[in-house]
Every structure is written in structure tokens, then in C-alpha cells.
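Everything on this sheet refers to the single structure shown next.
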Amino acid sequence: MSRYLAWADGDLARSEELYAINTAISEALYTPLQMLEVALRNRCHTVLSVEFGPYWFDQFGVLLTQYQIARVLEAKVGLVLDMPKALRATPAVADKLTPGRIVAALTFGFWTAFFGTVYENTLWRRCLHKITMNPPPRLKRSVLSTEFTAIRLLRNRVAHHEPVLYFDLKGRHDRILEVTGWLLPSAAKWIERHGRFPQVYEQHEAAIQAVRRIHKGQKAAGQ
């Protein structure tokens, strides 16, 4: 609670209120973050499957980072461990490791790694530039990389129950919505229909803006 106490100038009741607001905002961000991740992985899987087949993640030379190679192995091991012990020792176990299951088990960081510089002259030029269904003009890999890095930072703080009130939350939400629309317009429309972030943010906007001002001042003071 130290961060919240600092924002509340030591007022315990106020710090608990800010903690509750942070929880409400994080909950509201789950919907757009979830849909962005689903859209990203589905578009990557679709494009890579067209180019290399549905088991593209097993094709030599497709994955160029040890991080991604390790995530695929972890996903497979996790799926096997979730199976009944009697099934693990049979040839049928391979039939259960379908592309759909493996893709669903891979992390957000796995997918965003495809937009690092290592893929500029390989997968990006060959096929990954096709993942966007409604891209802005002359969209570059570096633009997507920057967007996904910022989104991943917010996503990880939400997932690990960290404070997010000092972020430009409205701006981040708008970016998530826009990037999702680049990838899959129907997914962005789904967020607009079912997401609760605008209402939750409006309800707590005064408190959030106060926290941002306090946090900026504390940061400037080196606190």
C-alpha cells in the first residue's frame, strides 16, 4: 500500500479508496486488453498458417528468438501436464497438441516479439505485414512494436495487480481500441459494445487526475 499511502499523504482511508479505484479501473481494462490479445494472436496465426502451414511454430527458421522458442515448448509441456496421466504415455498425446490449443496457450509477450527488429527483413516483409485488416497508410513494423510495447506494459501491471492510476489511462484505452481496429475491426466494435472502461473512468476521473498530478510532483521531487 506504500504507493497509495504516498498519493494519499498518509491518509489510510484515502489510500484504501485509491486502491479500490485502481482495482475497478484494472477490471474495466481487462475487456479491451483481452480482445486485443485475442485479435493479435488470431491474426498472427492466420497469416503464418497461410505462409508456413498450421504448425508454423515447429517449422525450422520461423521463430528467431530463444524467448519464443522457449514459450512454445512451455505451452506444449503445460498442455501435456494438464492431460490425464494415462493419456500422456500414449501416441494419442500428439493428437491433443493441436495448433489451436498451442496458440491459445502462448503469451502476449510471445506475439508482440514478432514485431522486434529481428523480424524486419524476415517475417515482417514476407507475411506479417498482412496481419492488419484495416491499417493506417504505410504502417511500419516499428509503429506496431512501439504500440505493443506500451500496451504490454499496461497489461502486465494490470495482470500483476500493480498501480496504474498514474498512467494516461484514457489515452492508453484509446490506443488499445485503435490498434485492435487495425488488426480486426469487428473486435474493436465488440470492445465498444461490451467494454465498461469509459463509464468507470468517468466515474473516477477526478480522483485519477488528482493522483496523476501528485505522482508527477513526487517524481519531479525524486520521491
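Each ring pair (Phe, Tyr, Trp, His ring centres under 6.0 Å) pair with one or both residues in residues 190-210, not counting sequence neighbours, appears once here: His173-Phe197, Trp190-His194, Phe197-Tyr201. For residues 22-41, no residue pair satisfies the ring pair (Phe, Tyr, Trp, His ring centres under 6.0 Å) rule, not counting sequence neighbours.
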Check against salt bridge (Lys or Arg N to Asp or Glu O under 4.0 Å), Glu17 and Arg14 | CA-CA 5 Å; Glu17 181 181 356; Arg14 178 57 176 165; 3.1 Å; yes
CA sep, side-chain torsions, deciding dist, call: Asp58, Lys76, salt bridge (Lys or Arg N to Asp or Glu O under 4.0 Å) = CA-CA 11 Å; Asp58 287 333; Lys76 290 179 178 180; 2.6 Å; yes
List the steps, then state whether salt bridge (Lys or Arg N to Asp or Glu O under 4.0 Å) holds for Glu162 with Arg3.
-> CA-CA 10 Å; Glu162 297 283 349; Arg3 179 68 65 87; over 6 Å; no
Determine, step by step, whether Arg172 and Leu169 satisfy the side-chain contact (heavy atoms from CB on, under 4.5 Å) criterion, reporting the C-alpha distance in whole Å, the side-chain angles of both residues, the deciding distance to 0.1 Å, and the verdict.
-> CA-CA 5 Å; Arg172 293 291 179 96; Leu169 293 167; 5.6 Å; no
So Trp124 and Phe114, side-chain contact (heavy atoms from CB on, under 4.5 Å) or not? Walk me through it.
-> CA-CA 8 Å; Trp124 174 256; Phe114 276 125; over 6 Å; no
Tell me, with the steps shown, if Leu177 and Thr180 meet side-chain contact (heavy atoms from CB on, under 4.5 Å).
-> CA-CA 5 Å; Leu177 192 61; Thr180 304; 5.6 Å; no
Before giving the answer on side-chain contact (heavy atoms from CB on, under 4.5 Å), spell out for Ile214 and Tyr166 the whole-Å C-alpha distance, their side-chain angles and the decisive distance to 0.1 Å.
-> CA-CA 9 Å; Ile214 293 168; Tyr166 60 94; over 6 Å; no
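In the hydrophobic clustering, where aliphatic and aromatic side chains (Ile, Leu, Val, Met, Phe, Trp, Tyr) are joined below 4.5 Å either directly or transitively, Leu73 groups with Val77, Leu81.
The CZ atom of Arg43 sits 10.5 Å away from atom NZ of Lys130, with the distance rounded to the nearest 0.5 Å. Rounded to the nearest 0.5 angstrom, Glu147 CD and Leu36 CG are separated by 10.0 Å. The distance from the CZ atom of Arg175 to the NZ atom of Lys170 is 12.0 Å, given to the nearest 0.5 Å. The CG atom of Asn121 sits 13.5 Å away from the CZ atom of Arg126 when rounded to the nearest 0.5 Å. Atom CZ of Arg213 and atom CD1 of Ile208 lie 11.5 Å apart (nearest 0.5 Å).
By the neighbour-count criterion of 12 heavy atoms within 6.0 Å, atom CZ of Arg196 is sparsely surrounded, having that number or fewer from other residues, nucleotides or ligands. The neighbour count for Gln199 CD, taken as heavy atoms of other residues, nucleotides or ligands under 6.0 Å away, is above 12.
In this structure, Leu123 and Leu64 have side chains that are not in contact, with every pair of non-hydrogen atoms separated by 4.5 Å or more. Residues Thr112 and Thr149 are not in side-chain contact: their nearest non-hydrogen atoms beyond the backbone lie 4.5 Å or more apart. Proximity of Phe57 to Pro99: side-chain heavy atoms (C-beta onward) are separated by under 4.5 Å at one or more points.
Under a 4.0 Å N-O distance rule, the pair Arg71/Glu74 qualifies as a salt bridge.
Proximity of a side-chain donor or acceptor of Ser145 to a complementary backbone N or O of Ser142 within less than 3.5 Å is not detected. In this structure, the side chain of Gln68 engages the main chain of Phe110 through a donor-acceptor pair within 3.5 Å. Side chain of Gln218 to backbone of Ala6: a donor-acceptor contact under 3.5 angstrom is found.
Screening His129, Arg125, Glu120 against Arg141 for a side-chain contact (heavy atoms from CB on, under 4.5 Å) leaves a single residue, Glu120.
Side-chain rings of Trp111 and Phe108 stay apart, their centers remaining 6.0 Å or farther from each other.
A pairwise comparison of heavy atoms in Glu51 and Cys127 identifies OE1-CB, 3.9 Å as the closest pair.
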